[in-house]
2 protein chains.
Amino acid sequence: MPTRVERKNATRHAILQAALRLSAERGFSSLSLRGIAAEAGIAPTSFYRHFQDIDDLGLALVDEVGLSLRQLIREARRRVSARKNTGVTRASIETFMEFADSNATLFRLLLGEGAGSTAPFRRAIAKEIARFTDDLSDDLRSAAKESGKPLADVGLAAEAMVTIAFNLGAAAIDLPAEERRKVADRIIAEVRMVVRGAQAEAAAAR
Amino acid sequence: MPTRVERKNATRHAILQAALRLSAERGFSSLSLRGIAAEAGIAPTSFYRHFQDIDDLGLALVDEVGLSLRQLIREARRRVSARKNTGVTRASIETFMEFADSNATLFRLLLGEGAGSTAPFRRAIAKEIARFTDDLSDDLRSAAKESGKPLADVGLAAEAMVTIAFNLGAAAIDLPAEERRKVADRIIAEVRMVVRGAQAEAAAAR
DNA sequence: GACATGAGCGTACATATGTACGCTCATGAT
DNA sequence: ATCATGAGCGTACATATGTACGCTCATGTC
């Protein structure tokens, strides 16, 4: 027997999922309250029991999406350290692409709304992506120590990598599986370039 | 005395400009025919004399935006070769940022609709960006010959650079001038990393 | 000068959208 | 057992939106 608050949370979740599904098709900025309500299987006015308006929902959505993604990334990272036979770059990007696949809607939301929405919304998204970059910076630093190959400007390198992976990865979502593989290879090669460049700069600076 | 076709072209242009202005605020996907008409100063139904529907307008818009941008880029390139005292990377990116500034709406459209719209629209945008990448590839190749420092995988390097410059650049549009400067510096540093990486790979392959 | 063309307008209407208001009725506290 | 709470519903309405239809009247052609 679900308790009362559980029920409420369930509906809230249903709304978020509905919004996510719809925004994958037409973009978040063209969502309608009624459309969401219909998709979530509730009456339009019930929406207000959970969110003040659609922008409010948007922020909640970014929160939840960011959370899920970071959990996925953490898990993925563990998997990467597990398969030591492949290169770290390849393993990371392949894992990344894997769940960019299975969580396409999340990515679309995070990357498809660069300008399609209100400023607060955009800022929230930017913050989520910045978190990724920070996490990656930490990883790069420890990897550099282990391998003995120092990197210059780790923060910048991380930003470049995240930008490349996210944006090219997002563009690949629509493509057929085979094409996506190719894109993954491109991303890997490009990320490697950044790594090499950062290493070269570190070497030159010494 | 403006001729008849000139007049028609003028209104068409007014519509495109209106759409551009509005989509800068709320995103292209939330444009309304009536809103555009109002902004353009015509009756809603007159819209149909120029475009079948909003999607049709969207494609035309991408076309025109792409064209303008490429012209701007060409012009910018000339300016870059003019100031030989600065590094090529710095000069290029600074010029790029300069008119990302003055043509903010164009950039928003080109970069803000990654997922916010229909598939054909997205594909059209992807194609425009690909053109940029191709142009840059050519530039990089000739620059490499002149400098005597060969680059590995020029196409990939160009893609990485364009991705970085466009996406970080677009994110910076909203920021205050001083912050934008900092972003420009980051972009420059990151693009340089890619250059160094590609050079390092070319050297390693020899 | 007569005439066909077509850009732009105003009216009209069906549908979509946000949201106010008040009801129900299961839940959980007293 | 009683009762306050509040999630979800249905109704209602003002406004927004896409678009069909037919008119006007300046333009360019004959």
Side-chain angles (χ1 to χ4, degrees), chain A residues 1-61 64 109 113 116-121, chain B residues 1-61 64 109 113 116-121:
Chain A
M1 308 302 101
T3 167
R4 206 149 194 235
V5 272
E6 279 174 346
R7 277 205 170 285
K8 175 157 188 183
N9 273 351
T11 330
R12 184 191 152 93
H13 204 240
I15 295 176
L16 288 170
Q17 289 303 315
L20 212 47
R21 243 171 293 140
L22 290 183
S23 76
E25 289 165 22
R26 294 281 162 194
F28 174 83
S29 44
S30 64
L31 286 184
S32 81
L33 186 151
R34 287 177 111 104
I36 296 168
E39 177 82 13
I42 61 170
T45 48
S46 301
F47 179 92
Y48 295 109
R49 298 287 183 195
H50 303 271
F51 304 98
Q52 290 223 329
D53 51 32
I54 296 193
D55 283 346
D56 188 25
L57 184 166
L59 295 183
L61 209 48
E64 187 148 292
L109 179 80
E113 299 297 329
S117 189
T118 57
F121 191 79
Chain B
M1 313 296 100
T3 167
R4 210 155 189 227
V5 272
E6 280 172 347
R7 276 203 171 287
K8 174 157 188 183
N9 273 351
T11 10
R12 184 192 151 94
H13 205 240
I15 295 175
L16 288 170
Q17 289 303 315
L20 213 46
R21 243 171 294 140
L22 291 182
S23 75
E25 290 165 22
R26 294 280 161 194
F28 174 83
S29 45
S30 62
L31 286 186
S32 81
L33 187 151
R34 286 177 110 105
I36 296 168
E39 177 82 11
I42 62 170
T45 48
S46 301
F47 179 92
Y48 296 109
R49 298 285 182 194
H50 303 271
F51 305 99
Q52 291 223 329
D53 51 33
I54 297 194
D55 283 345
D56 188 24
L57 184 166
L59 295 183
L61 209 48
E64 186 148 292
L109 179 79
E113 299 297 330
S117 188
T118 57
F121 191 78

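Lettering follows sequence order; numbering is per chain, from 1. All values derive from a computational prediction rather than experimental measurement. Side chains included, hydrogens not; waters and symmetry mates left out as well; all remaining heavy atoms used.
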*Asks:* Side chain to side chain contact (heavy atoms under 4.5 Å, CB included) between B:Phe51 and B:Arg12: does it pass, once the steps are laid out?
*Replies:* CA-CA 9 Å; B:Phe51 305 99; B:Arg12 184 192 151 94; 3.6 Å; yes

*Asks:* Report the distance from atom CD1 of B:Ile36 to atom CG of B:Leu31, rounding to the nearest 0.5 Å.
*Replies:*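 So the CD1 of B:Ile36 and the CG of B:Leu31 are separated by 4.5 Å.
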
*Asks:* Where along nucleotides 23-29 of chain C does protein come under 4.0 Å, by heavy atom, of base (B) or sugar-phosphate alone (S), with - for untouched nucleotides?
*Replies:* ---BBS-

*Asks:* Taking donor-acceptor contacts at under 3.5 Å, does the side chain of B:Thr45 reach the base of D:dG18?
*Replies:*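 Looking at the base of D:dG18, it does not pair with any donor or acceptor on the side chain of B:Thr45 (distance under 3.5 Å).
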
*Asks:* When you measure only distances, ignoring hydrogens and angles, does the side chain of B:Arg34 come within 3.5 Å of the base of D:dT19 through a donor and an acceptor?
*Replies:*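 By the distance-only test, yes, there is a pair.
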
*Asks:* To the nearest Å, how far apart are A:Leu22 CG and C:dT17 P?
*Replies:*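 It is 11 Å, rounded to the nearest whole Å.
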
*Asks:* Quick one: does any side-chain atom of B:Ser32 pair with a main-chain N or O of B:Gly35 as donor and acceptor, under 3.5 Å?
*Replies:*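 Here the side-chain-to-backbone pair exists.
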
*Asks:* With a non-hydrogen cut-off below 4.0 angstrom, is B:Leu33 in contact with a base, only sugar-phosphate, or nothing?
*Replies:*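 Base contact.
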
*Asks:* Over all heavy atoms of both residues, which pair between A:Leu33 and A:Tyr48 is shortest? Give the atoms and the distance, please.
*Replies:*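 Between these two residues, the closest heavy atoms are CD1-OH, 3.3 Å.
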
*Asks:* A:Phe47 has an atom CZ; how far is it from atom P of D:dG8, in whole Å?
*Replies:*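 The answer, rounded to whole Å, is 13 Å.
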
*Asks:* Give the nucleotide from the list C:dG8, D:dG8, C:dG18 with an atom nearest to the side chain of A:Thr11.
*Replies:*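 Among C:dG8, D:dG8, C:dG18, the one nearest the side chain of A:Thr11 is D:dG8.
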
*Asks:* Round to the nearest Å and state the distance from A:Tyr48 atom OH to C:dT17 atom P.
*Replies:*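 So the OH-P distance, A:Tyr48 to C:dT17, works out to 13 Å.
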
*Asks:* Measure CD1/A:Ile54 against C1'/C:dT17 and give the value in whole Å, please.
*Replies:*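 Distance check: A:Ile54 CD1 to C:dT17 C1' gives 9 Å.
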
*Asks:* Using whole Å, what does the distance between atom P of nucleotide C:dA7 and atom CD1 of B:Ile42 come to?
*Replies:*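 It works out to 12 Å between those atoms.
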
*Asks:* What's the separation between atom CD1 in A:Ile54 and atom CG in A:Asp56, rounded to the nearest 0.5 Å?
*Replies:*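 Between atom CD1 of A:Ile54 and atom CG of A:Asp56 there are 10.5 Å.
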
*Asks:* With a 3.5 Å limit on both atom pairs, tell me what C:dT17 is paired to, counting Watson-Crick and G-U wobble, or say none.
*Replies:*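 With both distances under 3.5 Å, C:dT17 matches D:dA14.
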
*Asks:* Between C:dA20 atom C1' and A:Asp53 atom CG, what is the distance in whole Å?
*Replies:*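 Distance check: A:Asp53 CG to C:dA20 C1' gives 15 Å.
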
*Asks:* Would you tell me if any nitrogen or oxygen in the side chain of A:Ser46 comes within less than 4.0 Å of OP1 or OP2 on D:dC9?
*Replies:*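 Answer yes for this pair, as a side-chain N or O of A:Ser46 is under 4.0 Å from OP1 or OP2.
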
*Asks:* Mind checking who C:dG22 pairs with, Watson-Crick or G-U wobble, both distances under 3.5 Å?
*Replies:*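 Paired with C:dG22, as far as the under-3.5 Å criterion goes, is D:dC9.
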
*Asks:* Which is it for A:Gln17 and A:His13 under the side chain to side chain contact (heavy atoms under 4.5 Å, CB included) test, yes or no, and what are the steps along the way?
*Replies:* CA-CA 6 Å; A:Gln17 289 303 315; A:His13 204 240; 3.8 Å; yes

*Asks:* What is the distance from CZ of A:Phe51 to P of C:dT19, rounded to the nearest Å?
*Replies:*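 These atoms are roughly 15 Å apart.
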
*Asks:* Could you pull out the closest heavy-atom pair between B:Leu57 and B:Ala19, with the gap in Å?
*Replies:*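 Where B:Leu57 meets B:Ala19 most closely, the heavy atoms are CD2-CB, 3.8 Å.
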
*Asks:* In whole Å, what is the span from the CD1 atom of B:Ile36 to the P atom of D:dT19?
*Replies:*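 It works out to 12 Å between those atoms.
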
